[in-house]
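So the structure is just underneath, and the comments pick up after that.
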Amino acid sequence: PKEILGDIVPPGTLLGPLLPQLAEMAALGEVPVFASAGHDTAAAVAAVPAEGDDWCYISSGTWSLMGVELDEPVINDQVLAANFTNEVGVDGKIRFLKNIAGLWVLQECRRAWALEGTEYSYGQLAEMAEAARPFVAVVPPDYFIAPGKMPQRIADYCKSSGQASFANDGEMARGILEGLALRYREVVEILENLTGRKLRTIHIVGGGSKNRLLNQLVADATGLRVVAGPGEATAAGNVLVQAMGAGELKDLAAARAVVEASFEVEEFLPRNPGAWDTSYKKFLALR
């Protein structure tokens with residue numbers, strides 16, 4: 001029944017004051033309520049500190065939302081086959097993106113290891129992965145979306161695909177991060193083909209942007225400059241869209257200028273990206 005649905009309004013639209021009972025309960029008074037960006041990823045993309053059109057974004061966490069910002073949607077058979085979405089964003093922009101199994105695979109391994117009695121912090125896993133042998137085996141992240149017994153399933157996959165086995169947990173953690181970086185490289189190429197753009201920078205925002213090893217692996221695998229941060233992009237984007245609605249900020253470019261002036265970001269430049277070519281060919285052959 002359509003009558004139960006609200007009106008569709010742009011992000012930043014003033015919806016009215018907080019309902020009286022909520023205002024009293026929260027002791028806030030009649031504060032204004034604005035439509036925000038729509039959801040967490042939309043808000044995070046609004047807070048990407050970028051300008052121009054030679055960049056893509058990765059909203060990085062349990063899942064990776066990777067795409068570009070467009071003025072118009074791209075709808076054709078190639079987009080359908082590649083499983084990309086066109087989502088309305090802030091300031092009339094289109095988020096043209098793909099959903100990727102992100103740090104989920106590593107999180108599930110960490111959970112399985114903990115159940116076996118070995119608890120690693122994410123910092124420990126990053127240190128172990130950095131010290132481990134590179135390119136032991138390719139782990140395509142989207143093969144491992146189902147939960148449960150992740151280390152064993154990865155080991156079984158390596159065996160069934162004729163690859164070497166990981167000798168320890170550090171090597172497996174590194175293989176997972178390398179597989180994610182290789183997947184990003186593939187999506188960069190697909191984005192360039194579908195949009196006709198030449199990408200030069202990847203902006204990584206969200207909690208996953210704090211994984212410095214992954215950020216460097218992404219730069220190495222793609223051959224592109226990586227800018228990491230802010231980690232709290234969703235919260236920042238949410239506030240900034242409300243500020244746009246309140247007239248405190250003119251547009252999305254002004255909001256992003258606030259992000260750039262307010263948060264420290266870290267740059268990662270590619271180191272010998274050619275070293276990744278063999279693994280990338282193997283990754284594509286396994287897809």
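Asn99 contributes atom CG, which lies 8.0 Å from atom CD1 of Ile145 (distance to the nearest 0.5 angstrom). Atom CD in Glu232 sits 12.0 Å away from atom CG in Asn238 (nearest 0.5 Å). For the atom pair Leu22 CG and Glu30 CD, the distance stands at 12.0 Å (nearest 0.5 Å). For the atom pair CE (Met150) and CD (Gln107), the distance works out to 10.0 Å, reported to the nearest 0.5 Å. In this structure, the separation between CE on Met66 and CD1 on Ile204 is 8.0 Å, given to the nearest 0.5 Å. Taken to the nearest 0.5 Å, the CD atom of Glu69 stands 13.0 Å off from the OG1 atom of Thr195.
The shortest non-hydrogen separation linking Ala23 to Gly29 is CB-O, 3.1 Å. Leu103 and Gly208 get closest at one heavy-atom pair: CD1-CA, 3.8 Å. Residues Cys109 and Ile154 approach most closely at SG-CD1, 3.8 Å, considering heavy atoms. Of all non-hydrogen atoms in Val138 and Gln163, the two that sit nearest each other are N-OE1, 2.6 Å. Considering every non-hydrogen atom in both Asp142 and Ala101, the closest pair reads OD1-N, 2.9 Å. Closest heavy-atom contact between Pro10 and Ala35: O-CB, 3.9 Å.
Connection of Val227 to Ile202 is not established within any shared hydrophobic cluster, with ILVMFWY side chains joined at heavy-atom distances below 4.5 Å, either directly or through further cluster members. By the criterion of side-chain heavy atoms lying less than 4.5 angstrom apart, applied directly or through intervening Ile, Leu, Val, Met, Phe, Trp or Tyr residues, Val241 is not grouped with Phe34; the two fall into different hydrophobic clusters. Met244 and Val45 fall into different hydrophobic clusters, where Ile, Leu, Val, Met, Phe, Trp and Tyr residues are linked whenever their side-chain heavy atoms come under 4.5 Å apart, directly or through other members. Linking Ile, Leu, Val, Met, Phe, Trp and Tyr residues whenever their side-chain heavy atoms come within less than 4.5 Å leaves Leu18 and Leu14 in two separate clusters. A single hydrophobic cluster is seen to contain both Trp104 and Met172, as judged by linkage of ILVMFWY side chains at heavy-atom distances under 4.5 Å, directly or through other members.
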Open item on the list: Test salt bridge (Lys or Arg N to Asp or Glu O under 4.0 Å) on Asp169 and Arg110; report intermediate values, then the result.
Closed with: CA-CA 9 Å; Asp169 296 345; Arg110 178 174 177 260; over 6 Å; no
TODO: Report the C-alpha separation of Leu65 and Ile58 in whole Å, then their side-chain angles, then the decisive distance to 0.1 Å, and conclude whether the side-chain contact (heavy atoms from CB on, under 4.5 Å) test is met.
DONE: CA-CA 5 Å; Leu65 291 302; Ile58 301 172; over 6 Å; no
Task: Test log, rule side-chain contact (heavy atoms from CB on, under 4.5 Å), inputs Leu15 and Val9 - done: CA-CA 9 Å; Leu15 301 176; Val9 296; 4.1 Å; yes
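The aromatic rings of Phe96 and Phe84 sit parallel to each other, their planes meeting at less than 30°, with 60° as the upper class boundary.
Environment of CD1 in Ile8: sparse, with no more than 12 heavy atoms of neighbouring residues, nucleotides or ligands closer than 6.0 Å. Shown here is Gln124, whose CD atom has more than 12 heavy atoms of other residues, nucleotides or ligands within 6.0 Å. Other residues, nucleotides and ligands contribute at most 12 non-hydrogen atoms within 6.0 Å of the CG atom of Asp7.
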Per-pair distances, 0.1 Å, donor-acceptor, side chain in residues 260-267, under 3.5 Å, sequence neighbours excluded:
from   : atom 1 : to     : atom 2 : distance (Å)
Ser262 : OG     : Val258 : O      : 2.6
Glu266 : OE1    : Arg212 : NE     : 3.1
Glu266 : OE2    : Arg212 : NE     : 3.0
Glu266 : OE2    : Arg212 : NH2    : 2.5
Glu267 : OE2    : Arg225 : NE     : 2.6
Glu267 : OE2    : Arg225 : NH2    : 3.4

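Relative to the six-membered ring of Phe144, Arg153 misses at least one condition, a distance below 6.0 Å or an angle of at most 45° to the axis.
Using a 4.5 Å cut-off on side-chain heavy atoms (C-beta onward), Trp276 and Thr222 make no contact. Looking only at side-chain heavy atoms (C-beta outward), Leu180 and Ile100 come within less than 4.5 Å of each other. In this structure, Val139 and Tyr157 have side chains that are not in contact, with every pair of non-hydrogen atoms separated by 4.5 Å or more. In this structure, the side chains of Leu191 and Arg197 stay at 4.5 Å or more apart for every pair of heavy atoms. In this structure the side chain of Trp55 reaches within 4.5 angstrom of the side chain of Val48, judged on heavy atoms. Side-chain contact check for Leu224 versus Tyr184: every heavy-atom pair is 4.5 Å or farther apart. With a 4.5 Å cut-off on side-chain heavy atoms, His203 and Pro49 count as touching. Inter-residue side-chain proximity for Leu177 and Asn211 is flagged as met; some heavy-atom pair is nearer than 4.5 Å.
Using modelled atom types, one finds no donor on one side chain facing an acceptor on the other under 3.5 Å when comparing Glu189 with Asn193.
With respect to Glu108 and Arg111, a salt bridge is recorded, a charged nitrogen being found less than 4.0 Å from a carboxylate O. Under a 4.0 Å N-O distance rule, the pair Glu178/Lys282 does not qualify as a salt bridge.
Checking side-chain atoms of Asp91 against main-chain N and O of Leu252 turns up a donor-acceptor pair under 3.5 Å. In this structure a side-chain-to-backbone donor-acceptor pair under 3.5 Å is missing from Asp54 to Lys198. Counting only distance, with no hydrogens or angles, the side chain of Gln216 and the backbone of Leu269 share a donor-acceptor pair below 3.5 Å.
Here salt bridge (Lys or Arg N to Asp or Glu O under 4.0 Å) pairs that include residues 92-101, with residues two or more places apart or in two chains, are Asp71-Lys93, Glu87-Arg95.
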